[in-house]
Amino acid sequence: MKIILIAGPTATGKTEVSVKLAHKINAEIISMDSMQVYKGLDIGTAKANEQEMDGIKHYMIDVLDPTENCSVAWFKSTVKDLISDISARGKIPILVGGTGFYINAVLFDTNFDEQITTDYKAEFTAFYYDYGKEQLFAKLQDVDPESASTIHPNNVKRVIRALEFFSQNGFPISKHNKEEKYKRFDNISPYDYTFFALNMSRDTLYSRINRRVDLMVDNGLFHEVEKLFNRGLDENLAALQGIGYKELFPFFKGQLSKDEVIDILKRNTRRFAKRQITWFNHQSNPIFIEVDELGFNSEKIANTIIELSNLRKF
RNA sequence: GGCGGCAUAGCCAAGUGGUAAGGCAGAGGUCUGCAACACCUUCACCACCAGUUCAAAUCUGGUUGUCGCCU
């Protein structure tokens with residue numbers, strides 16, 4: 001099955017390019033974004049609106065309530081089915097988004113067969129609170145020294161996951177990771193794919209991000225977040241950890257001013273973009289398209305993608 | 001014009017004789033069931049000139065800049 005991926009850091013214009021491309025090659029779009037899955041998070045996640053979608057079908061948007069938690073395992077299997085459906089209808093799926101972790105999971109069909117039957121996570125979390133991270137890490141060194149050499153002791157979240165994995169499966173997660181990783185190194189994918197990442201010079205990207213945040217504010221970001229805030233949801237929910245949401249909460253609690261909160265939001269978005277770039281540079285191997293060199297012209301960019309994907313036949 | 005204070009990284013800021021805390025911003029990374037998460041690494045010859053001293057960001061003199069007060 002042929003698929004096209006368009007990734008890249010936030011604010012590079014993925015939406016516009018993908019819709020344009022979809023029209024040219026008779027495609028449908030699957031969003032590869034860990035936050036756009038949630039209903040009610042529209043402005044802050046830069047979700048495409050009806051007009052921007054321009055008649056192209058989009059999937060994986062607004063499929064969960066903020067009270068539900070998305071996970072890679074679920075996301076991967078859902079997208080897998082969608083790809084089959086779309087292909088079966090004779091259309092090409094374009095996967096678009098910035099969540100590199102999810103993209104790799106789909107692209108290389110990461111194995112998530114592990115069934116979580118016992119709540120080891122809660123167990124180890126409790127242990128951590130009682131004995132601290134050193135003791136927790138010592139446990140990992142015992143059962144999975146290889147992971148212990150990779151995961152920093154401060155990274156409690158990952159240490160707990162590694163411990164959970166071992167307890168659940170009886171073999172170390174480092175073994176699992178190695179197996180999954182080699183799929184990427186050897187490029188073993190169930191799909192016939194072409195993977196692009198849009199990018200541009202750092203300075204340009206950062207000023208676009210700053211401008212976009214201002215625009216979001218103008219478009220009612222505060223109003224959107226206030227609605228969520230007023231629902232009184234648990235702030236630890238994955239949806240409320242999204243950039244644009246967690247930053248504004250202190251404003252509604254009266255802890256920070258509007259301007260302060262906006263500056264932090266801009267900074268966090270910049271950092272996020274930087275992390276995304278690092279991911280695409282090292283954890284996957286897309287063809288980078290420098291959109292500033294193409295004058296941000298989505299028409300040109302879409303055509304470049306068609307050429308590089310050998311899709312001329314469409 | 002006079003008097004006084006201050007000049008330390010992009011910003012804030014400790015440090016009053018022994019060869020520069022910390023925070024923020026920035027940069028570089030890690031990552032396989034919370035990933036827009038979590039975590040790691042990194043970043044200065046202390047305004048300039050001359051002097052004292054084995055040794056100065058730290059003391060002395062001067063220059064420049066800056067802030068405050070006075071006239």
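Lettering of chains follows the sequences in order, A, B, ..., and the numbering in each one begins at 1.
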Query raised in the report: Which is true for A:K121 with a 4.0 Å heavy-atom rule: it touches a base, it touches only sugar-phosphate, or it touches nothing?
Result: base
Query raised in the report: Quick one: is A:H282 getting a side-chain N or O under 4.0 Å of the B:rG29 phosphate, OP1 or OP2?
Result: yes
Query raised in the report: Does the distance from a Lys or Arg side-chain N to an Asp or Glu carboxylate O, for A:K14 and A:D33, drop under 4.0 Å?
Result: no
Query raised in the report: Between B:rU32, B:rA36, B:rC40, which nucleotide gets closest to the side-chain atoms of A:K246?
Result: B:rA36
Report task. Measure from CZ on A:R202 to P on B:rA27 and round the result to the nearest Å. Result -> 5 Å
Query raised in the report: With a 4.0 Å cut-off on heavy atoms, is A:Y38 in touch with a base, just the backbone sugar-phosphate, or nothing at all?
Result: nothing
Report task. Please state whether the phosphate of B:rC31, meaning OP1 or OP2, lies under 4.0 angstrom from any side-chain nitrogen or oxygen of A:K181. Result -> yes
**Report entry** Integer angstrom distance from the P of B:rA25 to that of B:rC12
**Finding:** 15 Å
**Report entry** Integer angstrom distance from the C1' of B:rU71 to that of B:rA21
**Finding:** 43 Å
Query raised in the report: Are A:Y245 and A:F229 near enough that their ring centres are under 6.0 Å apart?
Result: no
Query raised in the report: Has the side chain of A:K274 got a donor or acceptor atom sitting under 3.5 Å from an opposite partner on the base of B:rG28?
Result: yes
Query raised in the report: Atom CZ of A:F249 and atom C1' of B:rA36: how far apart are they, to the nearest Å?
Result: 14 Å
Query - Note: A:K227-A:E224 ion pair, threshold 4.0 Å (strictly below) - result: no
Query raised in the report: Any ion pair linking A:D214 and A:K266 (charged N to carboxylate O, less than 4.0 Å)?
Result: yes
Query raised in the report: When all nucleic acid strands are considered with a 4.0 Å heavy-atom cut-off, which category describes A:Y102: base, sugar-phosphate, or nothing?
Result: sugar-phosphate
Requested in this report: Give a yes/no verdict on a cation-pi contact between A:K139 and A:F124, requiring under 6.0 Å between NZ or CZ and the six-membered ring centre and an angle within 45° of the axis.
Outcome: no
Query - Short side-chain N/O contact to B:rU32 OP1/OP2 from A:N177, under 4.0 Å - result: yes
Query raised in the report: Contact class for A:Q115 vs. all strands (heavy atom < 4.0 Å): base, sugar-phosphate, or nothing?
Result: base
Query raised in the report: Excluding sequence neighbours, so at least two apart, what forms ring pair (Phe, Tyr, Trp, His ring centres under 6.0 Å) with A:Y128?
Result: none
Query raised in the report: Can you find a side chain N or O atom of A:Y206 that sits less than 4.0 Å from OP1 or OP2 on B:rA25?
Result: no
Query raised in the report: Quantified in whole Å, what is the C1' atom distance between nucleotide B:rC40 and nucleotide B:rA7?
Result: 36 Å
Report task. Check every strand shown and say whether A:T45 touches a base, only sugar-phosphate, or nothing at a heavy-atom separation below 4.0 Å. Result -> base
Query raised in the report: What nucleic acid atoms does A:I173 come within less than 4.0 Å of, heavy atoms only: base, sugar-phosphate, or nothing?
Result: sugar-phosphate
Report summary line: Correct closest heavy-atom pair for A:L233 and A:P66 would be CD1-CB, 4.3 Å
Report summary line: From CZ of A:R161 across to C1' of B:rC34 the rounded distance in Å is 11 Å
Requested in this report: Would you indicate, yes or no, if B:rA25 has its OP1 or OP2 atom less than 4.0 angstrom from a side-chain nitrogen or oxygen of A:R271?
Outcome: yes
Query raised in the report: With a cut-off of under 6.0 Å to the ring centre and 45° to the axis, is A:K76 in cation-pi contact with A:F112?
Result: no
Query raised in the report: Would one find a side-chain N or O of A:T99 under 4.0 angstrom from OP1 or OP2 of B:rA36?
Result: yes
Query raised in the report: Under 4.0 angstrom, heavy atoms only, what part of the nucleic acid is A:R275 near: base, sugar-phosphate, or nothing?
Result: base
Requested in this report: Rounded to whole angstrom, note down the C1' distance from B:rA14 over to B:rC46.
Outcome: 12 Å
Query - Pairwise C1' distance, B:rU58 and B:rC3 [rounded to whole Å] - result: 25 Å
Query raised in the report: In terms of heavy-atom contacts, does CD of A:Q51 have more than 12 from other residues, nucleotides or ligands at under 6.0 Å?
Result: no
Query - Interatomic distance at P, B:rC70 relative to B:rA27, whole Å - result: 46 Å
Query raised in the report: Side-chain donor or acceptor of A:N154 under 3.5 Å from a matching atom on the base of B:rA38?
Result: no
Query raised in the report: Given B:rA36, is OP1 or OP2 found less than 4.0 Å from the side-chain N or O atoms of A:Q241?
Result: no
Query raised in the report: Using atom P of each nucleotide, how far apart are B:rA56 and B:rU66 to the nearest Å?
Result: 30 Å
**Report entry** Flag for A:E52-A:T15: side-chain donor and acceptor within less than 3.5 Å
**Finding:** no
Requested in this report: Please tell me which of A:I243 and A:A105 maps to the more 5' nucleotide of RNA chain B, matching each residue to the nucleotide holding its nearest heavy atom.
Outcome: A:A105
Report summary line: Separation of B:rC31 atom P from A:H176 atom NE2, nearest Å, is 14 Å
Query raised in the report: For the pair made of NZ in A:K47 and C1' in B:rA36, what is the distance, rounded to whole Å?
Result: 13 Å
Report task. Measure the distance from CG on A:N281 to P on B:rA27 and round it to the nearest whole Å. Result -> 13 Å
Query raised in the report: Under 4.0 angstrom, heavy atoms only, what part of the nucleic acid is A:N69 near: base, sugar-phosphate, or nothing?
Result: nothing
Query raised in the report: If you measure from the Lys or Arg side-chain nitrogens to the Asp or Glu carboxylate oxygens, is any gap between A:K24 and A:E299 under 4.0 Å?
Result: yes
Report task. Send over the distance from A:N155 CG to B:rU41 C1', rounded to a whole Å. Result -> 14 Å
Requested in this report: Round to the nearest Å and state the distance from A:Y245 atom OH to B:rC34 atom P.
Outcome: 21 Å
Report task. Identify whether any heavy atom of A:W279 sits under 4.0 Å from a base atom; if not, whether one sits that close to sugar-phosphate; answer base, sugar-phosphate or nothing. Result -> base
Requested in this report: Tell me which nucleotide among B:rA35, B:rA25, B:rA36 gets nearest to the side chain of A:R267.
Outcome: B:rA25
Report task. Quick one: label A:G244 by what it contacts on the DNA or RNA (base, sugar-phosphate, nothing), any heavy atom closer than 4.0 Å. Result -> nothing
Report task. Using a heavy-atom cut-off of under 4.0 Å over every strand shown, decide if A:D33 touches base, sugar-phosphate, or nothing. Result -> base
Query raised in the report: What interatomic distance, in whole Å, is found between P of B:rG22 and the corresponding atom of B:rG65?
Result: 34 Å
Requested in this report: Name all stems that contain residues of RNA chain B, defined as runs of 3 or more consecutive Watson-Crick or G-U wobble pairs, both distances under 3.5 Å.
Outcome: B:1-7 with B:64-70, B:10-12 with B:22-24, B:26-30 with B:38-42, B:47-51 with B:59-63
Query raised in the report: Do any side-chain nitrogens or oxygens of A:R270 fall under 4.0 Å of OP1 or OP2 in B:rG26?
Result: yes
